[in-house]
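Data block below; observations after.
Atoms within each ligand, like the ligands themselves, are counted from 1 in listed order. For this chain, numbers begin at 1 and follow the sequence in order.
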Amino acid sequence: MHVVHTIADLRQALAGSQHPALVPTMGNLHEGHIALVQRAKPLGDILVTSIFVNRLQFLPHEDFDSYPRTLQDDCAKLEAAGCDIVFAPKESDLYPEPQTFKVTPDPALGDLLEGHFRPGFFTGVCTVVMKLFSAALLGRPRSTAVFGQKDYQQLMVIRHMVQQFALPIDIVSVATARADDGLALSSRNRYLSPEQREQATALSKALQALAQASVQATQAGGAWASQVPALEAQALATLRAQGWQPDYLTLRRRSDLQAPNDQDGPGTLVALGAARLGTTRLIDNLEL
Ligand code: PAF
């Protein structure tokens, strides 16, 4: 496995590749990331994992400085998983000058939910992902990039970007990896105290309860969608009562993340949530 730090070295390492596969990450890899790498492995003739904590997608008060950086451990895990190239640029390698050109998603999708609570987040994500695509994938007739479904809205935004810019890249998604108790794996889980770690399953349970109540409402038929705000309020109250500070717990249409209407039903819906436990902000989602 090669570890390269500059775009020039990455391009040189990829020179003979016809259809590379890329797994973009911010490092501090857990089993969820390794599942992405394993999914990506057979999809390309060479597999690149990028590790870069992207300042552009953090708000000033967020955890950019404290975000765990564990390159050596990450490389050991990636080598064991069969990764061919690790692209681990320094900030000055990826952004040698201030990145004033940015890629901004359609506000109809990018300003909702995560984009509402973390303004500029998706512009930061799209800008770095476009740059990673340019460094690792573009110039080939076809290539593949793999992303996790835990970042549900991010995955949708990236698919939309690829479609609108006609990028010759297949976007492949992988189901959320979970601990035995249901907690979605995340690099931010390591911020949780042992006591908070026990409480952390409440987020996926609240989404399950919201999903279940929504399925029951759809089965009753009629004007079921008018009940959704009350179901969401109930889910938010349950989480708040357990000491969480939720940003949102909501039922949306999978296709556009808008509120559902009476024609929607199981198979077209997703429950999404983001909430803080102490200072740690966790997100999760559940399709129904
Ligand atoms: O999902 C992530 O880890 C990041 O948002 C990504 C896609 C690597 C861009 O920095």
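- The six-membered or imidazole ring of Y95 lies near that of F52, with a centre-to-centre distance under 6.0 Å.
- When each atom of ligand 1 is checked for a heavy atom of Q154 under 4.0 Å away, the hits are 1 (O), 2 (C), 4 (C), 5 (O), 7 (C).
- Separation of atoms CZ (F147) and CE (M156) is listed at 14.5 Å; rounding is to 0.5 Å.
- With a heavy-atom cut-off of 4.0 Å, T25 touches ligand 1 through its backbone alone.
- Per-residue contacts place V128 under 4.0 angstrom from the following atoms of ligand 1 (heavy atoms of the residue considered): 9 (C), 10 (O).
- The backbone N or O of I171 lies less than 3.5 Å from a partner atom in the side chain of R159, making a donor-acceptor pair.
- Counting protein heavy atoms only, atom 3 (O) of ligand 1 is closest to M26 CG, 3.7 Å.
- In summary, of the residues considered (L257, L113, I283), a side chain to side chain contact (heavy atoms under 4.5 Å, CB included) with Y152 occurs for L257 alone.
- Panel note: side chain K150, backbone S186; no donor-acceptor pair is recorded below 3.5 Å.
- Atoms of ligand 1 found under 4.0 Å from any heavy atom of Q57, numbered from 1 in the order shown, are 4 (C), 5 (O), 9 (C), 10 (O).
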